[in-house]
Amino acid sequence: MTTQVERHSYDVVVVGAGGAGLRAAIEARSQGMRTAVICKSLFGKAHTVMAEGGIAASMGNVNENDNWQVHFRDTMRGGKFLNQWRMAELHAKEAPDRVWELETWGALFDRTKDGKISQRNFGGHEYPRLAHVGDRTGLELIRTLQQKIVSLQQEDKKEFGDYEARLKVFQECTVTRILTRAESGSAADSRVCGVFGYVRESGRFFVIEAPAVVLATGGIGKSFKVPSNSWEYTGDGHALALLAGAQLINMEFVQFHPTGMVWPPSVKGILVTESVRGDGGVLRNSDGKRFMFDYIPEVFKEKYAQDEAEADGWYTAPDTHRRPPELLPRDEVARAINAEVKAGHGSPHGGVFLDVSTRLPAEEIRRRLPSMHHQFKELADVDITAEPMEVGPTCHYVMGGVDVDPDTAAATGVPGLFAAGEVAGGMHGSNRLGGNSLSDLLVFGRRAGLYAATYAAELAGSRPQVAEEQIEGAAAEALRPFSAEYAGNTDTVDGRPENPYSLHQELQQTMNDLVGIIRRAGEMEEALHRLADLRVRSRTAVVEGHRQFNPGWHLAIDLRNMLLVSECVARAALERTESRGGHTRDDYPQMDRLWRKSNLVCELAEYRGVITGQDPAMGQIKLTRRDMLPIRADLLALFEKDELLKYLTDEELSA
Amino acid sequence: MSYRGRFKIWRGDAKGGALQEFVVEVNEGEVVLDIIHRLQATQAPDLAVRWNCKAGKCGSCSAEINGRPRLMCMTRMSVFDESETVTVTPMRTFPVVRDLVTDVSFNYTKAREIPSFVPPPQLGPGEYRMQQEDVGRSQEFRKCIECFLCQNVCHVVRDHEENKTAFAGPRFLMRIAELDMHPLDAAEETGLDRKSTAQDEHGLGYCNITKCCTEVCPEHIKITDNALIPLKERAADRKYDPLVWLGSMIRRRRTD
Ligand SMILES: Cc1cc2nc3c(=O)[nH]c(=O)nc-3n(C[C@H](O)[C@H](O)[C@H](O)COP(=O)(O)OP(=O)(O)OC[C@H]3O[C@@H](n4cnc5c(N)ncnc54)[C@H](O)[C@@H]3O)c2cc1C
Ligand code: SF4
Ligand code: SF4
Ligand code: FES
């Protein structure tokens, strides 16, 4: 019997309609490819819409000393030199062009006095570098790309009489498998041949055949209890890549943004943009002390102000003052807040105070930070022009992701698979600087679209065909939560089927408590045990109702992805016996230069697709340590030797 | 601080449905969307609802709460009395898909019918120069999160299915105003007069400035005052000012 599936065929399929996905689709379509974009939400609602502070690009509009070299340096420092340096180089070089291009598509950024795109200060960036629109930059980015897609569709309507002749958005559709085909029958040379998924509205399955697939699915935050992320962040792309035979790197690096809301409980985690600090906001503990001066790490000592007077002078005279320590990279600030709260200097609801009310006139706050003003007023009854906010760390971004070729965004080991945006790994090393994500989306989204198009065009007549067995397998997997064989299964805790919502909550609690902002070996081992247990139980998760727009079913399917990704995070975090960027070990508090050049690579233990592995010691993930290519000499030459010595070993430097 | 709240939630699909009653825990600081999520987790796992950001930024969670169009994630429970029954129904103007989820494709159809930004041919990327005062007006409209609450509330289409083909709705008439006020939009040079298309092709004339759209906008955009009325005035100028009319004819001929 063949499963009922809707079938389509395209040249390039882009999974994800955030900044990376839309930019990839625009490029692939502009290269003449028939392109499909698939997204879980409505068109224009992707996570990117939430980005606030801005997009980093060294246009030098506010400080003309800025250039790609300075941006590259800042990015490498922020990532503690673990970055895929070629990506960091391409990113720094191409970001300005990607931002200017947006203007030609209708974007309206805030302006400088001389009419150029305004740029603001942000943590870790030496000069004002973030192009922005108030504190709703992500919305502007999404809308501009969305409207550019519409304008391409209008061109197609003129030419072919059909808006969707060459570019179609399949909204509210979820991909559950990348389909691959091995021509020779050996798994080692299998290539991408399409995607399988379901339509949320009807619950019906679909297959899109395509030789090239770009993953642009964003992050993994929904595996943690307190995230700034939306429901879409279930790590789908990370899991899809693993299941298709690709590798993930740097999964131990998870960014906790220092400032999320902490009260009321129902909004815990919602982001408070870093622009609050960039525009003058300061952090204080319950004694009213500006504590960040106590937390400037050795590697950054020369770059940050040592007292309040110097820090305050920086806002108006940045050339003669060092920057305030509130603007240290995020990992530093998040750890500092964590330490203050632990030491008993926290605010009433377990955070610290972030105050802009005593720093800027009310009118100015409303103009520069309108969404923050609105958000606190509406959700917490706090007027940020008159009183401080309470903030604490929130799970925000995953640095780890699909291992890709830096120039082409092609996933290692799976021809036809590409990845860009938050789902790709390497670019940000161990810690991402604010504003460097939006620029990453555009730079590598474009590259992924371009090289996916090139790949599809070169394959031309010899495209791999989708195998019916794979479709059957994917359909059976997706339908498992409905199947009666699990109802009443005696393996479950009290003989009852599992509720996917409770499993999800347990997973979030586990990751938050045991693999969170500060990590210890014993706790992570415990986490791996719990994850194994959850994995077994998730096979008995049963959902009620039918397939039409059924959130319980959707969550049951997402659990597979969250469990896979969480295991990657826990396993890699346990292995890396040092502290660096978004990975802090209580039992190994120092950064270790020997670890600097190593990536931890995750792949599926059971080769390609079959999920078994009930043994927690084994699990589903195989971890290997891999050395990175040495940093190119001309890029190293951009740094002072003294600084390099803090990160690189003597042998690396003399080589 | 917690209490048991009473709710009536519309459940059903295109074929029909009804309000279903629930009693559920409500905690301090919660919003309506929290309650919907608690219902999913504890009583109605297949209750369909759209949401994304839970921070008022994506415009996914639109519904009618006690008959008023609102975002569920930005409606705090504290605005209701503890004894009050809170009724949540899907947006009325769009066909129901399931429970609180409606088919909003009308809006995507309209979005595609509005001619896009026309970049000035003489300027390359990086050469755009605009003053903050001049971009400010369009920026107000670009705050739109496309929640479609204004589209839902506007009486021109709310109970008048027959007007849907001719009328783009406040959100997309505002999009025309936004492009028209963009300091560098070069539509005119290509012979496109945005103001008169608003009137002639997108149904601006149906709007009788009741301001209901402005009232429900969660972004507090002054849709009527700042977008629709100026657009109407400019469209009127175009129509009746013989000089403007003549000018536009000449320009059109030149680009032929
Ligand atoms: C509150 C907040 C503020 C931020 N502010 C900034 C900032 O100021 N500057 C900055 O640089 N960065 C910021 N970031 C980070 C940045 O917004 C994200 O890293 C970035 O938007 C990710 O974009 P993306 O294109 O990779 O994915 P997303 O925008 O998340 O899009 C993912 C897409 O993939 C789709 N998808 C996922 N899984 C599937 C599936 N299985 N099938 C089909 N489709 C799927 C989703 O539907 C969605 O369309 C912020 C993040 C948050 C949470
Ligand atoms: S002002 Fe016009 S567009 Fe707005 S609701 Fe009234 S009639 Fe509709
Ligand atoms: S204009 Fe306001 S009400 Fe209308 S869609 Fe946009 S945000 Fe929603
Ligand atoms: S969930 Fe995004 S606006 Fe409500």
Side-chain angles (χ1 to χ4, degrees), chain A residues 41-45 47 49-50 59 96-97 100-101 103-106 108 110-111 114-116 133-134 136 138-140 143 147-148 150-151 153-154 157 163 201 230-232 263-267 270-271 371 374-375 378-380 499-502 505 543-546 548-553, chain B residues 13 27-31 33-34 40-42 44-60 74 76 78 97-99 101 103-104 108 111-112 114-117 119 123-132 134-135 138-139 142-146 179 182 184-185 219-220:
Chain A
S41 304
L42 292 171
F43 186 28
K45 309 288 182 202
H47 196 80
V49 87
M50 296 167 76
M59 296 179 287
D97 286 338
W100 284 322
E101 172 179 84
E103 279 199 312
T104 68
W105 299 344
L108 284 175
D110 289 348
R111 317 308 297 181
D114 53 356
K116 296 180 184 167
V133 185
R136 55 162 191 89
L139 175 65
E140 187 67 17
R143 207 61 86 223
Q147 286 163 350
K148 174 65 182 173
V150 165
S151 99
Q153 291 179 323
Q154 289 172 344
K157 165 88 173 166
Y163 286 113
E201 182 174 326
S230 78
W231 68 267
E232 298 194 309
W263 195 91
S266 85
V267 300
I270 294 183
L271 194 75
S371 326
H374 182 74
Q375 178 174 316
E378 302 273 321
L379 295 174
N499 171 346
Y501 293 97
S502 327
Q505 280 163 12
V543 296
E544 287 175 29
H546 50 75
Q548 200 194 357
F549 219 113
N550 184 339
W553 178 41
Chain B
D13 55 27
N27 303 313
E28 190 185 358
E30 286 185 333
V31 294
L33 188 60
D34 287 311
Q40 286 181 328
T42 57
D46 60 344
L47 172 62
V49 60
R50 267 199 196 103
W51 69 286
N52 265 33
C53 66
K54 201 172 173 286
K57 293 191 160 56
C58 71
S60 303
M74 294 303 278
R76 295 187 68 183
S78 57
V97 172
R98 187 176 173 193
D99 303 338
V101 175
D103 174 358
V104 291
Y108 290 92
R112 277 215 286 238
I114 310 295
S116 298
F117 172 67
L123 292 180
E127 293 171 358
Y128 287 35
R129 296 290 177 273
M130 295 176 267
Q131 291 306 310
Q132 186 60 44
D134 300 331
V135 298
S138 296
Q139 277 185 333
R142 289 183 74 82
K143 285 194 325 202
C144 169
I145 57 173
E146 300 207 328
L179 288 166
H182 187 302
L184 292 176
D185 177 55
E219 285 294 315
H220 306 297

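Order of the sequence lines fixes the chain letters, A, B, ..., with proteins taken first and strands second; residue numbering starts at 1 for each chain. Remember, predicted model here, so these are calculated numbers, not experimental data.
- With a 4.5 Å cut-off on non-hydrogen atoms, A/Q548 touches chain B through its backbone and its side chain both.
- Interface summary for chain A: among B/N27, B/V31, B/L47, the most heavy-atom pairs under 4.5 angstrom belong to B/L47.
- Using the six-membered ring where Trp is involved, B/H220 and A/H374 have ring planes that are perpendicular, over 60° apart on the 30 and 60° scheme.
- With a 4.5 Å cut-off on non-hydrogen atoms, A/E103 touches chain B through its backbone and its side chain both.
- Contact of A/W263 with chain B is made through the side chain alone, with heavy-atom distances under 4.5 Å.
- Both the backbone and the side chain of A/L379 have a heavy atom closer than 4.5 Å to some heavy atom of chain B.
- Only the side chain of A/E232 comes within contact range of chain B, judged by heavy atoms closer than 4.5 Å.
- Within the 4.5 angstrom heavy-atom criterion, only side-chain atoms of A/Y163, from C-beta onward, approach chain B.
- There is no contact between A/D97 and chain B, counting heavy-atom distances below 4.5 Å.
- Not counting sequence neighbours, A/D110 has no partner by the salt bridge (charged side-chain N to carboxylate O under 4.0 Å, His left out) test.
- Two residues are said to be in side-chain contact when any heavy atoms from C-beta on lie closer than 4.5 Å; B/K54 and A/S266 meet this criterion.
- With a 4.5 angstrom heavy-atom cutoff, A/L108 touches chain B via backbone and side-chain atoms both.
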